[in-house]
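Below is one structure, written out as structure tokens; comments come after it.
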There are 2 protein chains.
Amino acid sequence: MALIEKNGEIREASCKEELTAMRESVEILGGKWKLHIMRYLANRPCEKNSFKKMQREIDGISAKMLSKELKDLEVNLLVTRTLLETKPVTVEYQITEYGRGVLPLTETLVSWGLKHRSKIRED
Amino acid sequence: MALIEKNGEIREASCKEELTAMRESVEILGGKWKLHIMRYLANRPCEKNSFKKMQREIDGISAKMLSKELKDLEVNLLVTRTLLETKPVTVEYQITEYGRGVLPLTETLVSWGLKHRSKIRED
DNA sequence: CTGGATCCCTTGTGATACTG
DNA sequence: CAGTATCACAAGGGATCCAG
């Protein structure tokens, strides 16, 4: 059972609240790239993850999508954006400590996907 | 670390294989309704989950989407479809034992969503 | 009752060219 | 280098009607 904190009190979330929470999670983390980006940054916590480098290394992502997704993730406090006053300017992205909270989710998805593939193949 | 079974041998999945697995999971379970439906059926394992009843009880879903989503879920062995020769015919859906394997995922999403909401509100 | 067919609108995503 | 603007297209999803 999931717990919810509202107006200072902690209680059990209702079924409807759980559904809403799930939908919000999917909205925030769903789509083709968000979790991919999170994993990418999680695997490179100490490197200089410049925009250009990310675009080169994340399989087929376009600048437009990378820009948009990073902005969304930043709004949700999952990544940080650091502008460096080099010439020309560079920008570095890093996953936040809070952002690491999505890693259990990506792990669940990875292992489910692997199991599912063998399940589907076996019949 | 996630394990993968391929050609009879078991080994650790490569980073790329993990990404592919994650993407497949999102493709199969993503979208607006799939996980919602799975939770609905998981909470009603013994009831007669007719198409009509589901459409009435799952918030704003249209017949088209419910039909399509259930078909997708059935192909992936996550739900079963039983045609009853009543007059007129009725159809019952149930979550499979295998399908219950997605419940840890929905729980993760629920609790992440609840935590995230309070996180975002607090600043 | 189930759910397919059709039409239509919105959103997501990609390609390319361009600016500070 | 880091993005934005624009165009174009595919996919997601809703409404309605209809057939078995």
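Within every chain, numbering begins at 1; the chains are lettered A, B, ... in the order of the sequence lines, protein sequences first and strands thereafter.
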Problem - Out of D:dG3, C:dC1, D:dG13, whichever nucleotide has its closest atom nearest the side chain of B:M65 - result: D:dG13

Handout entry: Separation of D:dG3 C1' from A:Q55 CD (nearest whole Å)
Key = 10 Å

Exercise for the section: Write down the distance between NE2 (B:H36) and C1' (D:dG13), rounded to a whole number of angstrom. Expected result: 16 Å

Problem - Nearest-Å distance for atom pair CG/P, residues A:D72 and D:dG3 - result: 14 Å

Exercise for the section: Look at A:Y93 and D:dC1 and indicate whether a side-chain polar atom (N or O) is within less than 4.0 Å of OP1 or OP2. Expected result: no

Handout entry: Whole-Å distance separating the CD atom of B:E85 from the C1' atom of C:dC1
Key = 13 Å

Exercise for the section: May I ask you to say what A:S50 touches in the nucleic acid, namely base, sugar-phosphate or nothing, with a heavy-atom cut-off under 4.0 Å? Expected result: sugar-phosphate

Practice task
Give one of base, sugar-phosphate or nothing for A:G31, where a contact means two heavy atoms less than 4.0 Å apart.
Solution key: sugar-phosphate

Exercise for the section: Could you tell me how the ring of A:Y98 sits relative to the ring of B:W112: parallel (under 30°), tilted (30 to 60°) or perpendicular (over 60°)? Expected result: parallel

Handout entry: From D:dG3, C:dT13, C:dC1, nucleotide with atom closest to A:K32 side chain
Key = C:dT13

Problem - Residue pair A:V91 / A:S50, side-chain heavy-atom distance below 4.5 Å - result: no

Problem - Any donor-acceptor pair under 3.5 Å from A:T20 side chain to A:K16 backbone - result: yes

Problem - Given A:R11, A:E17, A:E12, the one that forms side-chain hydrogen bond (donor to acceptor under 3.5 Å, both in side chains) with A:S14 - result: A:E17

Practice task
Can you establish whether the number of heavy atoms outside A:E9 located under 6.0 Å from its atom CD is more than 12?
Solution key: yes

Completion exercise
In whole angstroms, the gap separating P of D:dC1 from CD of A:E92 amounts to 14 Å

Problem - A:R81/A:E92 salt bridge by N-O under 4.0 Å criterion - result: no

Handout entry: Salt-bridge present (A:K32, A:E69; N to O < 4.0 Å)
Key = no

Handout entry: Carboxylate-amine/guanidinium proximity below 4.0 Å for B:E27 and B:K34
Key = no

Problem - Whole angstrom value for the distance that separates P of C:dT11 from CD of A:E27 - result: 12 Å

Handout entry: Whole-Å gap separating C1' (D:dG13) and CD1 (B:I58)
Key = 15 Å

Practice task
Calculate the interatomic distance between B:E74 atom CD and C:dT2 atom P; express it in whole Å.
Solution key: 15 Å

Tabulated below should be each protein N or O lying under 3.5 Å from an N or O of nucleotides 4-7 of chain C; please produce it.
from, atom 1, to, atom 2, distance (Å)
C:dG4, OP1, B:K71, NZ, 3.4
C:dG4, OP2, B:S67, OG, 3.0
C:dG4, OP2, B:K71, NZ, 2.7

Handout entry: Electrostatic pair B:R44-B:E57, nearest N-O below 4.0 angstrom
Key = yes

Distances for protein N/O vs nucleotides 18-20 of chain C N/O pairs under 3.5 angstrom?
none

